Amino acid sequence: MKKFFIVCLTAFFILGCKSSFNTAPILNFEDQPVTSGMTMAKMEKCIILAGSELGWKIVKIKSGMMEGSITRRGHTAVVSIPYSTKKYSILYKNSSEGLYADGQNIHKTYNTWVNNLDSRINVKINETLYE
């Protein structure tokens, strides 16, 4: 019985530690510069295309503000995307319980998703400049 208790205690400890290994500080991309020559319409197109290529659902809230959401394996993340002709940001808004760890940390997968979104938006902006 003592061995069983020690095995269970060890398992709970390992599982508890495992969740902390999968978390990281929430990654926000604030005031990412945009090269000159962009219009609001072009920015909107770049953000929507970049998101859709990665499985994000991007919705225009108003001029200068979009919201993006992505759902993978039952987990959802939502970001706010304020933008102008000179800069844009990708800011954490909320997520499902499986991704959200606390007020400052989140599952590392979320950071991968927003990093990929930021990279793809930059690709679309650069492509637009050469159209």
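Residue numbers run from 1 in the order of the sequence given. What you see is a predicted model, and the numbers here were worked out from it, not measured in a lab.
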Non-hydrogen side-chain atoms of I125 and M43 separated by less than 4.5 Å | yes

Side chains of H75 and S95 in contact at under 4.5 Å (non-hydrogen atoms) | no

Sub-3.5 Å donor-acceptor pair from the side chain of [X] to the main-chain atoms of [Y], do we have one?
X    : Y   : answer
N111 : L27 : yes
S96  : T76 : yes
T39  : K42 : yes
S84  : K86 : yes

Distance, nearest 0.5 Å, that separates [atom1] of [X] from [atom2] of [Y]:
X    : Y    : atom1 : atom2 : answer
I26  : N105 : CD1   : CG    : 7.0 Å
T85  : M38  : OG1   : CE    : 9.0 Å
I70  : L54  : CD1   : CG    : 7.0 Å
E67  : N94  : CD    : CG    : 7.5 Å
W56  : M66  : CH2   : CE    : 14.0 Å
I121 : N116 : CD1   : CG    : 11.0 Å

For a quick test of reading the model, state the closest non-hydrogen atom pair linking [X] to [Y] and the distance between them.
X   : Y    : result
F29 : V114 : CE1-O, 3.6 Å
P82 : L91  : CG-CD1, 4.1 Å
Y83 : K62  : OH-O, 3.9 Å
I58 : G51  : CG1-CA, 4.0 Å
M65 : S80  : SD-CB, 4.2 Å
I81 : G68  : CD1-N, 4.3 Å

Not counting sequence neighbours, which residues clear ring pair (Phe, Tyr, Trp, His ring centres under 6.0 Å) with Y88? List them please.
-> none

Would you call E30 and K87 a salt bridge, using N to O less than 4.0 angstrom?
-> no

Are I90 and M40 connected in the hydrophobic side-chain network, where two residues link if heavy atoms are under 4.5 Å apart?
-> yes

Show the numbers, then the answer: is there a side chain to side chain contact (heavy atoms under 4.5 Å, CB included) between V79 and Y110?
-> CA-CA 10 Å; V79 295; Y110 166 83; 3.4 Å; yes

Start with the C-alpha gap between T109 and R73, add the side-chain angles, then the distance that decides, and say whether side chain to side chain contact (heavy atoms under 4.5 Å, CB included) holds.
-> CA-CA 11 Å; T109 301; R73 296 179 297 280; 4.1 Å; yes

